[in-house]
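What follows is a single structure, written as C-alpha cells, with notes after it.
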Amino acid sequence: MRRVVPAFILAFAALPALAQPRPEPPATAAAQPPTPDVVVTPRGAPESFAPLVRSLLPAVVNISTTQNPQGRSTTRPDAPEPPQAPPGSPFEEFFRDFFNRNRPPGQGGDAQPQRPQQPQRRAQSLGSGFIVDASGIVITNNHVIDGADEINVILQDNTSLRAELVGTDPRTDIAVLRVRPPQPLPSVSWGNSDTAEVGDWVLAIGNPFGLGGTVTAGIVSARGRDIRQGPFDDFIQTDAAINRGNSGGPLFNLRGEVVGINTAIYSPTGGSIGIGFSIPSNLAQGIARQLAADGRVRRGWLGVNIQQVTDEIAESLGLRNGTRGALIARAQEGAPAAAAGIRSGDVILRFNNQEVREMRNLPRIVADTNVGAQVPVVVWRDGKEETVTVTLGELPAEQQQAAATPQQQTPRGDRTVELSGLGMRVAGVTPELRERFRLRPEQRGVVVVEVSPNSAGAEREIRAGDVIVEVQQERVTTPQEIQERVERLRRQNRATALFLVESQQGQRFVPLRLAAPRQGNPG
C-alpha cells in the first residue's frame, strides 16, 4: 500500500546504481537543426552545482538524539543500522565494511569479538537541520527530536554541540534548537517559496542513512500538496531524493536560499521513488521566528467546523459560476465566529480580503492572521453576500469541547414517519431512541431510525442513529417539519435539499436528491 511517511523512518529499499560515465554528445549534434519550431533554454540550468554546494554545506547539520534505553544500545548515537544488501551482491561487503569501521570494538565488527555492554543511552533518531543564525539557531523537524532526552548538533567538521530545545510546533512539524558555539557559525537565509515555480531546480542537503553532507538535485514537481498530515498542509513536492535521515534538512533554490524543509515522502516501499514533500519556507519562517522569540506559536482562531462545498451543496445554496469557499457546519458557542454573527450554513468566500477558493485554504489563512485583529469576512447567506467583522481569538493548544446546550423539553410529534423519495424513516427524539442510539442528553433534532438500501439517504452514507438538525438551513424538531420543507422544495422544482446531519463524528451538511415521492395506497 502506498503511504506518506516521515523521511526519518524509512528503511533502505534499493541499492544505489553503479555510476556510469556520461556519454559525450555526437560531434555532429550541433549541426543538426532542432526538431521543435521553438527551442526553450532552461532558465538557470547550471553546468555544475558544485560552487553553490560548497557555500551551503557548512550551514547544514546532522541531528542526533538519544533517550533512556528501551532495547538495544550503541555507543554511537549517530551510527545507523546497515542497509541490507542482497546476499552475494557487490554491495554486501562494501556496506558491512563501511558500517563496521564506524562501530567501536564489540559492536558488530567481524574481526572483533562480541562482549557484553552495560546499558547505555541509545540513538532514538537521526535527522538533518540547518543554521539560520550565526549565533546558533538551528531549524529541524519536530518528529526528529520528539521525545528526546538529549539532542546533539553535528557540524560539517564533525564538531558535536549539545543543543537546547527552544520550541516545537507539532501542527507544522517544525522545531527550533539553540547551540552555544565558541565562534559564529555559517548560516543560510530564507527564500520566498511563493516564487518557486513547478520545474525550478532545487537542491536537498541532509543526512540520509547517517551519511552526512549528502546532496541531491531535482525540480519542484508540484505546489500546494495536501498530504493529510495536518490542518495547514501546503507542501512543495520535489523529485530530489529524500530518504531516512533527510528529515529537517533544507531544500534550496539556485540562489542558495531555503525554500523548504524536507519532511516526508510518498512511497510504496519506504524508499525514495522521487516523490518528496517539503514545508514551504513562507510557512516555516513565521513559525520558526515565533518559536525562537517566545518558544511557542500564536495562531488566529475563528472557532468553526467547516466542510467542502460540493457541486450539490453549491446548487442547494444558490452559489453560481463555480464559486466555492468553506461551508460552516458549526459555529462553536462562545468562539469569535459565533460572537460576530457567523452561523451554521454560511459559506465563507473571503477572509481578511483573501479569497477562500476551497475549504482547506481557510485554516491556513486564519492561522496566519494576527491574534486580536479585526478582519472583514464575506459570507454567502440566504442567496447573497454579507460582510461581518470578526475579532480573532488565539487558537487553543488543545481544542476544547463545546459546552453543552441547556436541556430542553422533548418535542412532540415523535411517531415514526417515512420521508418519501429519500428512503428514510425518522422520528422525534424520545428517551427510548436516545438510549437506543446513545444520543447525548443535549442532542436535539429528528432521529433517523431506518435507511433503505440504494436510497438517496444511503447514497450519502446517512445511517440509523444520525440526527437531522436542519433542512435547507432551517432548524427542525419533528418529522412533520422535515416533510413540509421537503415538499416546499419540490414545489419550487429544486433538485436537492440541504440537510444538516449530526453523527457520532460531528455535524456535516448533506445534499439529498429530491426524487418524486412514492405513491402510496389510499387509507
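Using a 4.0 Å cut-off between charged side-chain N and carboxylate O, R508 and E461 make no salt bridge.
Annotation for S221 and D239: closest pair OG-N, 3.3 Å, computed over non-hydrogen atoms. Closest non-hydrogen pair, F351 versus V356, comes out as N-CG2, 4.1 Å. Taking every heavy atom of both residues into account, L392 and G300 meet most closely at CD1-CA, 4.0 Å. The heavy-atom pair separating P186 from P58 by the smallest distance is CG-O, 3.4 Å. In this structure, A217 and L203 approach most closely via the heavy-atom pair CB-CD2, 3.6 Å. Minimum heavy-atom separation, G393 to P336: N-CG, 3.5 Å.
Counting only distance, with no hydrogens or angles, the side chain of Q290 and the backbone of R298 share a donor-acceptor pair below 3.5 Å. For the pair N142 (side chain) and A175 (backbone), a donor-acceptor distance under 3.5 Å is absent. Distance alone, capped at 3.5 Å, places no donor-acceptor pair between the N353 side chain and the P376 backbone. Looking at S64, its side chain never comes within 3.5 Å of a backbone N or O of N152 through a donor-acceptor pair. Between the side chain of S128 and the main chain of G206, no donor-acceptor pair closer than 3.5 Å is present. At distances below 3.5 Å, not a single donor-acceptor pair connects side-chain atoms of D294 with backbone N or O atoms of R296. Put simply, the side chain of S281 never gets that close to the backbone of G260: no donor and acceptor are under 3.5 Å apart. The backbone N or O of V375 lies less than 3.5 Å from no partner atom in the side chain of T389, so there is not a single donor-acceptor pair. The closest donor-acceptor contact from the side chain of R324 to the backbone of Q308 lies at 3.5 Å or more, if one exists at all.
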**Trace of the side-chain contact (heavy atoms from CB on, under 4.5 Å) decision for V347 with F509** = CA-CA 12 Å; V347 178; F509 280 98; over 6 Å; no
**Request:** Go through the steps for V138 and I63 under the test side-chain contact (heavy atoms from CB on, under 4.5 Å), then give the verdict.
**Result:** CA-CA 10 Å; V138 178; I63 306 291; 4.3 Å; yes
**Item:** Audit row: I265, F277, side-chain contact (heavy atoms from CB on, under 4.5 Å) steps and yes/no
**Value:** CA-CA 6 Å; I265 70 170; F277 300 99; 5.6 Å; no
**E385/L349 under side-chain contact (heavy atoms from CB on, under 4.5 Å): CA gap, chis, key distance, verdict** = CA-CA 9 Å; E385 291 187 6; L349 305 178; 3.7 Å; yes
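The side-chain contact (heavy atoms from CB on, under 4.5 Å) test with I348 is passed by exactly one of L327, L302, I306: L302. Just one residue in the list N370, D368, D169 forms a side chain to side chain donor-acceptor pair (under 3.5 Å) with R299, and that residue is D169.
Proximity of N305 to Q332: side-chain heavy atoms (C-beta onward) are separated by under 4.5 Å at one or more points. Inter-residue side-chain proximity for F252 and L56 is flagged as met; some heavy-atom pair is nearer than 4.5 Å. Residues R171 and V297 are not in side-chain contact: their nearest non-hydrogen atoms beyond the backbone lie 4.5 Å or more apart. By the 4.5 Å heavy-atom criterion applied to side chains, I261 and F130 are counted as neighbours. In this structure, the side chains of I131 and V179 stay at 4.5 Å or more apart for every pair of heavy atoms. Residues F209 and R244 have side chains in contact (heavy-atom distance under 4.5 Å, counting atoms from C-beta outward). I137 places a side-chain heavy atom less than 4.5 Å from the side chain of R178. Residues N62 and V153 fail the side-chain proximity criterion, which asks for heavy atoms closer than 4.5 Å.
To the nearest 0.5 Å, the span separating CG on L126 from CG on L211 amounts to 10.0 Å. The distance from atom OG1 of T168 to atom CG of D146, rounded to the nearest 0.5 Å, is 7.5 Å. From T140, atom OG1 reaches atom CG of D173 across 8.5 Å, with rounding to the nearest 0.5 Å. Here CG of D133 is found 6.5 Å from OG of S187. Values are rounded to the nearest 0.5 Å. Between atom CD1 of residue I219 and atom CG of residue D200 there is a gap of 9.0 Å, rounded to the nearest 0.5 Å. Atom-to-atom distance recorded for R320:CZ and L317:CG is 11.0 Å, nearest 0.5 angstrom.
Atom CD of Q504 has 12 or fewer neighbouring heavy atoms from other residues, nucleotides or ligands inside a 6.0 Å radius.
No donor-acceptor contact under 3.5 angstrom links the side chains of N262 and N246, judged on distance only. Donor-acceptor pairing under 3.5 Å is recorded for the side chains of Q237 and R225. Under 3.5 Å, the side chains of E257 and N253 contain a donor-acceptor pair of N or O atoms.
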